[in-house]
Amino acid sequence: MFARDHLTFEPIPLPDRTEITDPEMQAAADAFFDLMQRRHTVRDFSARPVAREVIETCIKTAGRAPSGANHQPWHFVAIANPALKAQIRTEAEEEERRFYAGGAGDEWIKALEPIGTNADKPHLEDAPWLIVVFAQRYGLFDDGTRYKNYYVPESTGIACGFLIAALHNAGLSILTHTPNPMKFLNGALNRPESEKPIMILAVGHPAEDATIPAVAKIKKPLEEILTVCD
């Protein structure tokens, strides 16, 4: 993406500016909160297909996230191929069985009990799409030499937030899945050593009988997550 001979600062006028009144600002904030508080993580997906174009547009939205030095240190692999999804499920469940068999430790397993998870991950095949997020440790100039990426975990985390919000805004449900370790995804998806898989998103429409754990509705109140210094 970058060329060595174009690494210079060139300011341009702000291309997009939002001018709304204070009441409109509050209304917009309230509307977005109402949208996002109706987002629920689901593990039960229907067979209803999702158009590739919808997934691509949501990933384009994720690509607009801010990043360290604007290096955009992320790569997304969107998977609809049934055989590849089955392969990922098989390899992910192998890691999960080790996790639940003691690799995670008693405290972590205990913390997961209210969520109701186990080593079986049928959503990795049932969801019409999987999106695997990779964080790029370094990039390449146009001449093939390396450059360092900065704030990689922070940048890719922000991009994932953009992506989850975009998918929910499009009427889709998701499940974030992080088998540990995830190195098998590099081989399965032919991604380079410079990239670290950080998350699998199962994406689709919820099944008619989809459920969520009751504990998922318990959110910290604002006074526990906010300190205001005005």
- Linking I/L/V/M/F/W/Y whenever any side-chain heavy atoms sit under 4.5 Å apart, do Val50 and Leu130 land together? no

- Same cluster or not: are Ile79 and Val203 linked, directly or through other Ile, Leu, Val, Met, Phe, Trp or Tyr residues, by side-chain heavy atoms under 4.5 angstrom apart? no

- Note on the structure: Value for SG (Cys58) from CD1 (Ile174), rounded to nearest 0.5 Å, stands at 11.5 Å

- Is a side-chain donor or acceptor of Arg39 paired with a backbone partner of Leu35 at a separation under 3.5 angstrom? no

- Task: Answer yes or no: is there an ion pair linking Glu93 with Arg89, defined by an N-O contact shorter than 4.0 Å?
- Result: yes

Show me the donor-acceptor pairs within less than 3.5 Å that the side chains of residues 110-117 make with the rest of the protein, sequence neighbours left out.
unit_1: Lys110; atom_1: NZ; unit_2: Glu113; atom_2: OE1; d: 3.4
unit_1: Thr117; atom_1: OG1; unit_2: Tyr100; atom_2: OH; d: 2.6

- Query: Is there a side-chain contact between Trp129 and Leu172, using heavy atoms and a 4.5 Å cut-off?
  - Reply: no

- Message: The criterion is salt bridge (Lys or Arg N to Asp or Glu O under 4.0 Å); which residues satisfy it with Lys183, sequence neighbours excluded?
- Response: Glu193

- Query: Parallel, tilted or perpendicular: which fits the ring planes of His71 and Tyr150, with parallel below 30° and perpendicular above 60°?
  - Reply: tilted

- Donor-acceptor side-chain pairing of Asp22 and Gln26 below 3.5 angstrom: no

- Task: Sequence neighbours left out, what passes side-chain hydrogen bond (donor to acceptor under 3.5 Å, both in side chains) with Tyr151? Give chain and number order.
- Result: none

- Query: Does Gln72 reach the main-chain N or O of Asn70 with its side chain, forming a donor-acceptor pair under 3.5 Å?
  - Reply: yes

- Say you draw a straight line from CD1 of Ile109 to CZ of Phe99; how long is it, rounded to the nearest 0.5 Å? 4.5 Å

- Which of these, Ile131, Thr61, Ile55, sits in a side chain to side chain contact (heavy atoms under 4.5 Å, CB included) with Leu163? Ile131

- Message: Distance check, rounded to the nearest 0.5 Å: Lys85 atom NZ versus Asp126 atom CG?
- Response: 8.0 Å

- Query: Within the side chain of Ser67, is there an N or O that forms a donor-acceptor pair under 3.5 Å with the backbone of Ser155?
  - Reply: no

- Message: Taking Leu84's backbone N and O only, do any of them form a donor-acceptor pair with Asn81's side chain (distance below 3.5 Å, no angle check)?
- Response: yes

- Do Pro181 and Glu95 have side-chain heavy atoms sitting under 4.5 Å apart? yes

- Item | side chain to side chain contact (heavy atoms under 4.5 Å, CB included) between Val132 and Met199, intermediate numbers included | CA-CA 6 Å; Val132 181; Met199 188 180 302; over 6 Å; no

